[in-house]
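As structure tokens, the structure follows; a few thoughts come after it.
Any value given below was found using the heavy atoms of this structure, including those in side chains, with hydrogens, waters and symmetry copies removed.
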Amino acid sequence: MKILHTSDWHLDAKLPPFSRLPEQERFLDWLLETIGRREVDVLVVAGDIFDSYQPSQRAVRLYMDFLKKLYVRTRQGESRCRQVVIVGGNHDSPAMLEAAKSVLEVLRVQVVAEPCENLEEMIFPVEREGKTEGLILAVPFLPDRWVRKGTDGDTLEERNRKVLERIRDFYRNITQKAIAWQDAIFQKEQRKIPLIATGHLFVAGGKTLDDDGVRNIHQVGNLEKFPAGDFPKELDYIALGHLHLPQKVAGEERIQYSGTPIPMGVAESATPKKVLEISFSAEGRTIETIPVPVFQKIRKISGDWEQIQSRLRELKQQEESVWVQVEWLYQEFDPHFYQKLYAEVEGSCVTLLPPLSRCVARQVEAETLWRVRTLEELPSEKEVFERFLATKAYRDEVRKSLVETFEEAVLYDDQKRREESCDC
């Protein structure tokens with residue numbers, strides 16, 4: 001039995017000002033071909049199919065067309081994928097995913113958009129020729145109403161502990177249901193089938209990037225995330241979604257994030273993307289990573305104008321479409337910089353993302369000025385304000401005007417204090 005684990009498609013996402021749908025369509029075409037070529041039996045999508053609760057019609061059509069094409073390919077013998085299991089993520093609208101649930105069941109697609117009171121409704125057997133080869137425990141994102149059961153007077157630590165306990169109990173309870181099913185098969189056929197669970201949550205030890213938009217969806221205050229050790233030991237594999245970087249969690253091969261198939265931010269573009277193939281046989285479990293092709297190159301360039309210009313010219317010579325975010329690090333502001341920047345890439349294969357800029361001279365100067373070792377070394381009010389202005393790219397005449405205004409404000413404040421303290 002082969003299972004392909006993917007997640008966090010984020011259909012309809014944007015890297016402003018560009019839509020990612022063309023890349024996502026190419027990814028889904030590649031995924032169809034990969035499922036067929038590698039003879040995958042089950043596709044598991046661990047949440048965040050869409051980027052928002054209200055995806056565009058084009059994004060919904062892309063999702064439905066993919067599932068239809070996969071079913072048709074299987075019927076025509078081009079694929080042996082006989083089952084798809086999809087769970088909702090924190091970005092997904094349960095109502096939208098549930099709307100097509102009954103129709104998708106005809107296409108052998110099982111959708112669990114939100115938790116069920118009857119846990120057995122979330123467990124799906126993987127069958128071949130009348131025999132059960134494994135069980136999928138389709139656990140979606142667990143919303144607040146399922147995990148937040150605090151009482152008045154609870155501290156942040158107590159509320160966080162109760163959230164983690166409810167998540168742990170949910171996995172423990174659904175795993176016990178699956179174990180009963182597993183035991184029944186063993187008693188009857190003397191063979192042990194694997195248990196594969198999904199999850200859409202932030203597990204402790206998971207890594208993120210600054211611009212990936214990921215947050216701790218069950219966090220109370222700034223407390224710890226769900227411990228990897230709290231997943232039941234009886235689970236043979238846990239297919240996670242939510243974090244965008246593909247990774248093992250806490251060094252455990254059986255607990256993995258597949259990550260996003262395309263980068264959601266510029267920083268993410270430096271990390272190779274992948275899907276995971278999990279194979280179960282009489283010899284045990286093997287896991288193989290399958291690299292996802294790059295469908296749109298994204299780069300970040302930092303430096304002064306000469307460094308940026310040189311790197312842009314290198315990229316233009318490659319004659320391959322690339323989106324570039326420029327971070328301009330300047331000593332003195334050049335009012336013609338942006339005009340030169342856009343002129344440099346006009347008519348080329350390079351497309352600019354919204355650029356960034358930073359005055360490194362004033363940053364270094366400010367960092368030096370603010371090195372205060374003792375309380376007595378704190379500067380005067382005026383010097384504090386002047387040091388603040390040193391971090392900003394104001395013109396000299398603007399800086400002079402701001403200092404004069406500040407001095408007037410300080411003078412007025414001193415006068416008011418003297419008047420209030422006067423006994424007259």
Side-chain angles (χ1 to χ4, degrees), residues 1-13 19-52 54-89 91-93 96-113 124-128 133 136 138 140 196 198 239 241 258-264 273-279 288-296:
M1 177 178 66
K2 281 187 180 181
I3 294 173
L4 195 69
H5 167 202
T6 178
S7 72
D8 296 273
W9 294 353
H10 285 279
L11 299 179
D12 223 19
S19 168
R20 316 304 299 281
L21 280 173
E23 298 164 75
Q24 290 164 337
E25 184 172 7
R26 292 175 66 189
F27 161 70
L28 292 177
D29 287 342
W30 172 86
L31 188 61
L32 279 173
E33 187 275 330
T34 301
I35 289 170
R37 175 171 49 85
R38 299 189 69 95
E39 298 184 333
V40 170
D41 298 297
V42 183
L43 173 66
V44 172
V45 189
D48 280 356
I49 291 84
F50 297 100
D51 194 56
S52 71
Q54 295 181 316
S56 67
Q57 289 186 2
R58 185 181 171 193
V60 176
R61 190 181 308 118
L62 186 60
Y63 165 67
M64 299 299 289
D65 282 351
F66 166 79
L67 296 174
K68 181 189 73 174
K69 289 176 183 177
L70 182 56
Y71 175 76
V72 169
R73 283 180 173 228
T74 302
R75 289 290 300 269
Q76 293 176 344
E78 299 173 18
S79 167
R80 74 179 216 182
C81 184
R82 56 190 185 274
Q83 194 168 352
V84 179
V85 177
I86 296 173
V87 299
H91 280 253
D92 296 314
S93 163
M96 205 227 75
L97 288 182
E98 290 279 355
K101 181 175 180 176
S102 59
V103 176
L104 290 177
E105 285 176 352
V106 178
L107 306 183
R108 301 171 186 166
V109 177
Q110 278 110 13
V111 177
V112 179
F124 302 104
V126 179
E127 297 180 334
R128 182 198 298 272
E133 294 187 312
I136 309 289
I196 302 97
T198 66
S258 61
T260 52
I262 68 168
M264 293 291 104
K273 298 300 181 180
K274 58 188 70 174
V275 294
L276 296 162
E277 181 184 274
I278 306 93
S279 300
E288 185 174 350
T289 60
I290 306 170
V292 177
V294 176
F295 302 108
Q296 173 61 60

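Side-chain contact between Ile136 and Ile3 is present, with at least one heavy-atom pair separated by less than 4.5 Å. Between Met96 and Val60 there is a side-chain heavy-atom pair separated by less than 4.5 Å. Counting heavy atoms from C-beta on, the side chains of Ile290 and Leu4 come closer than 4.5 Å. In this structure, Val84 and Tyr71 have side chains that are not in contact, with every pair of non-hydrogen atoms separated by 4.5 Å or more. Between Lys273 and Pro263, some side-chain heavy-atom pair lies under the 4.5 Å cut-off. Considering only heavy atoms from C-beta on, Met1 stays 4.5 Å or farther from Arg128 through its side chain. When side chains are defined from C-beta on, Asp41 counts as touching Arg82, because their heavy atoms get closer than 4.5 Å. Here the side chains of Leu70 and Ile35 are in contact, with some heavy-atom distance below 4.5 Å.
Residue Ile262 comes nearest to Gln24 through the heavy atom pair CD1-CG, 3.6 Å, listed as atom of the first residue, atom of the second, then distance. Between Phe50 and His91, the closest heavy-atom pair is O-CB, 3.4 Å. The minimum heavy-atom distance linking Asp92 with Asp48 is given by the pair OD2-N, 2.8 Å. For the residue pair Ser7 and Ser258, the shortest heavy atom distance occurs at OG-OG, 3.0 Å. Closest non-hydrogen pair, Val85 versus Ala138, comes out as CG1-CB, 3.8 Å. Listed here is the closest heavy atom pair of Ala100 and Met64: CB-CE, 4.1 Å.
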Walk me through it: do Phe27 and Thr6 pass the test side-chain contact (heavy atoms from CB on, under 4.5 Å)? CA-CA 11 Å; Phe27 161 70; Thr6 178; 4.1 Å; yes
With side-chain contact (heavy atoms from CB on, under 4.5 Å) as the criterion, how do Leu67 and Ile86 come out once you've worked through the C-alpha distance, each side chain's angles and the decisive distance to 0.1 Å? CA-CA 11 Å; Leu67 296 174; Ile86 296 173; 4.2 Å; yes
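Rounding to the nearest 0.5 Å places OG of Ser279 at 10.5 Å from CD of Glu39. Rounding to the nearest 0.5 angstrom, the gap separating the CZ atom in Phe124 from the CD atom in Gln110 is 5.0 Å. Here the OG-CG distance, from Ser19 to Leu11, works out to 10.0 Å after rounding to the nearest 0.5 Å. In this structure, the separation between CG on Leu21 and CZ on Arg61 is 10.5 Å, given to the nearest 0.5 Å.
Residues forming a ring-ring contact (aromatic ring centres under 6.0 Å, His included) with His5 (at least two apart in sequence, or on another chain): Tyr237. With sequence neighbours excluded, the residues forming a ring-ring contact (aromatic ring centres under 6.0 Å, His included) with Phe66 are Trp9, listed by chain and number.
Ion pairing between a basic and an acidic side chain is recognised when a charged N comes within 4.0 Å of a carboxylate O; Arg20 and Asp51 show no such pairing.
A salt bridge (charged side-chain N to carboxylate O under 4.0 Å, His left out) check over residues 29-38, counting only residues at least two apart or in different chains, returns the pairs Glu33-Arg37, Arg38-Glu277, Arg38-Glu288.
Judged by distance alone, with hydrogens and angles left aside, the side-chain atoms of Arg73 form no donor-acceptor pair with the main-chain N or O of Glu78 at under 3.5 Å. Between the side chain of Arg58 and the backbone N or O of Asp12 there is no donor-acceptor pair closer than 3.5 Å.
Around the NZ atom of Lys101, the shell of radius 6.0 Å holds more than 12 heavy atoms that belong to other residues, nucleotides or ligands.
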